[in-house]
2 protein chains.
Amino acid sequence: MSRTTASADVFQAIGDPTRRAILDRLQQGEQPVKQLAEPFAISLPAISQHLQVLCEVGLVTQQRSGRQRLYRLNPTPLKQVSDWVSQYEQFWTTKLDALGEYLEEQS
Amino acid sequence: MSRTTASADVFQAIGDPTRRAILDRLQQGEQPVKQLAEPFAISLPAISQHLQVLCEVGLVTQQRSGRQRLYRLNPTPLKQVSDWVSQYEQFWTTKLDALGEYLEEQS
DNA sequence: AAAACAGTTAAGTGAATGCTTAACTAAGAT
DNA sequence: ATCTTAGTTAAGCATTCACTTAACTGTTTT
């Protein structure tokens with residue numbers, strides 16, 4: 001079997017550019033797989049596997065509708081990422097402040 | 001050679017929990033490798049390799065000091081992550097979620 | 001000059017990752 | 001009933017990953 005171990009880690013899930021692009025696309029709202037897959041140059045199973053990973057970390061939910069499967073964005077797990085990153089925000093503001101001061105000194 | 005391909009992708013770099021922990025640790029300030037590696041149960045080369053990845057994506061800078069190598073946090077590449085995630089912030093408050101559902105129902 | 005220290009580079013390994021094609025399941029259309 | 005359509009599951013493959021031990025580089029101490 002392939003793609004069993006998906007690690008259930010949000011950080012790793014968004015580590016893949018295709019998965020980020022899928023999430024970006026889902027901002028436009030709930031979509032069936034085919035429509036979701038349309039802009040990507042990879043096979044449908046590949047998309048399906050990515051969706052499975054996103055499902056496992058909770059970034060996406062699934063709902064049947066006739067013979068389609070509608071996928072919907074659930075961004076709440078991204079809060080974990082947001083929280084982690086925001087720890088560093090102070091660092092880069094101070095750093096950019098310092099850069100600003102430096103640039104001012106130079107001019 | 002191992003660990004050559006480090007993809008130079010910030011998202012992937014922070015996908016690894018050990019690397020995130022290293023960054024977290026570097027918030028306390030510039031540190032030599034040995035000190036940095038202290039809490040981890042992996043070998044020094046492994047840490048060194050992680051640092052190389054972090055270096056490649058610019059999250060860390062290196063500076064020699066005698067026989068030590070001081071590593072320093074440079075969080076600015078995390079801005080990329082912050083920017084991406086903040087796109088979703090509006091989605092994860094429940095009020096806006098409800099609004100989103102409402103709007104979808106209408107369309 | 002030799003030994004010790006701090007760290008990297010090299011080489012190899014097992015497991016995970018992202019992808020493929022082929023085969024399958026389930027629902028709607030003919 | 002059969003054929004599409006929509007999508008997943010299975011199996012396999014090449015690459016990448018995180019890690020290891022061993023060997024190396026450069027610096028300080030003795």
Side-chain angles (χ1 to χ4, degrees), chain A residues 1-26 29-57 59-73, chain B residues 1-26 29-57 59-73:
Chain A
M1 219 191 313
S2 77
R3 312 244 25 71
T4 29
T5 36
S7 22
D9 178 7
V10 191
F11 287 89
Q12 205 181 335
I14 64 165
D16 183 83
T18 304
R19 279 194 294 261
R20 283 200 304 281
I22 289 175
L23 293 174
D24 289 345
R25 218 166 146 66
L26 279 173
E30 208 171 39
Q31 282 171 70
V33 178
K34 211 188 176 186
Q35 184 180 333
L36 214 45
E38 185 250 307
F40 301 103
I42 57 177
S43 69
L44 221 70
I47 298 290
S48 193
Q49 284 153 16
H50 281 306
L51 284 169
Q52 201 180 300
V53 172
L54 292 172
C55 237
E56 276 165 31
V57 301
L59 278 168
V60 136
T61 57
Q62 207 185 10
Q63 194 205 334
R64 290 200 81 126
S65 166
R67 59 178 155 187
Q68 343 194 67
R69 239 105 151 181
L70 297 176
Y71 279 90
R72 173 189 288 248
L73 178 66
Chain B
M1 217 193 313
S2 77
R3 311 248 22 73
T4 28
T5 37
S7 23
D9 178 7
V10 192
F11 287 89
Q12 204 182 338
I14 65 166
D16 183 84
T18 305
R19 282 195 291 263
R20 284 200 303 281
I22 289 175
L23 292 175
D24 288 345
R25 218 166 144 66
L26 279 172
E30 207 171 40
Q31 283 172 69
V33 179
K34 211 188 176 186
Q35 184 182 332
L36 214 46
E38 186 250 307
F40 301 103
I42 57 177
S43 69
L44 222 69
I47 297 290
S48 193
Q49 286 153 14
H50 280 307
L51 285 169
Q52 201 180 300
V53 173
L54 293 172
C55 238
E56 276 165 32
V57 300
L59 279 168
V60 135
T61 57
Q62 206 186 13
Q63 195 205 334
R64 292 201 78 126
S65 166
R67 60 180 155 184
Q68 356 193 60
R69 239 107 152 180
L70 297 176
Y71 279 90
R72 173 190 289 249
L73 178 66

- [ ] Would you mind reading off the distance between A/F40 atom CZ and C/dT20 atom C1', rounded to a whole angstrom?
- [x] 18 Å
- [ ] Whole angstrom is fine here: how far is it from CZ in B/R69 over to P in C/dG7?
- [x] 9 Å
Open item on the list: Does D/dC17 have OP1 or OP2 under 4.0 Å away from a side-chain N or O of B/H50?
Closed with: no
- [ ] Please state whether the phosphate of D/dA6, meaning OP1 or OP2, lies under 4.0 angstrom from any side-chain nitrogen or oxygen of A/Q35.
- [x] no
Task: A/D16 CG - C/dA16 C1' separation (whole Å) - done: 13 Å
Open item on the list: For A/R20, give me all partners under salt bridge (charged side-chain N to carboxylate O under 4.0 Å, His left out), at least two apart in sequence or on another chain.
Closed with: B/D9
TODO: Please report, rounded to the nearest Å, how far the C1' atom of D/dT8 is from the CG atom of A/L70.
DONE: 15 Å
Task: side-chain N/O B/Q12 vs D/dT16 OP1/OP2, d < 4.0 Å - done: no
Task: Between C/dT9 (P) and B/I47 (CD1): distance, integer Å - done: 15 Å
Open item on the list: Rounded to whole Å, how long is the line connecting atom CG of A/L51 with atom C1' of C/dC19?
Closed with: 15 Å
Task: Closest approach of B/P32 to B/Q68 (non-hydrogen atoms, all atoms of both residues) - done: CB-OE1, 3.5 Å
TODO: For residues 35-53 of chain B, pull every pair meeting salt bridge (charged side-chain N to carboxylate O under 4.0 Å, His left out), keeping only residues two or more places apart or in separate chains.
DONE: B/R25-B/E38
TODO: Spell out, as yes or no, whether a donor-acceptor pair under 3.5 Å connects the side chain of A/Q31 to the backbone of A/G29.
DONE: yes
- [ ] Please report, rounded to the nearest Å, how far the C1' atom of C/dT17 is from the CZ atom of A/F11.
- [x] 20 Å
Task: Contact pattern, 5' to 3', of nucleotides 21-30 of chain D - B, S or - by protein heavy atom under 4.0 Å - done: BB---SBBS-
- [ ] Check salt bridge (charged side-chain N to carboxylate O under 4.0 Å, His left out) between B/R69 and all other residues, then give those that pass, not counting sequence neighbours.
- [x] none
TODO: Mind jotting down which residue pairs meet the salt bridge (charged side-chain N to carboxylate O under 4.0 Å, His left out) criterion with at least one end in residues 40-55 of chain B? Sequence neighbours excluded, please.
DONE: none
TODO: Give the rounded distance in Å between these two atoms: CD1 of A/I42 and P of D/dA14.
DONE: 19 Å
Open item on the list: According to side-chain contact (heavy atoms from CB on, under 4.5 Å), who are the partners of A/T18, at least two apart in sequence or on a separate chain?
Closed with: A/D16, A/I22, A/F40, A/I42, A/H50
Open item on the list: Measuring to OP1 and OP2 of C/dA6, would you say a side-chain N or O of B/Y71 lies under 4.0 angstrom away?
Closed with: no
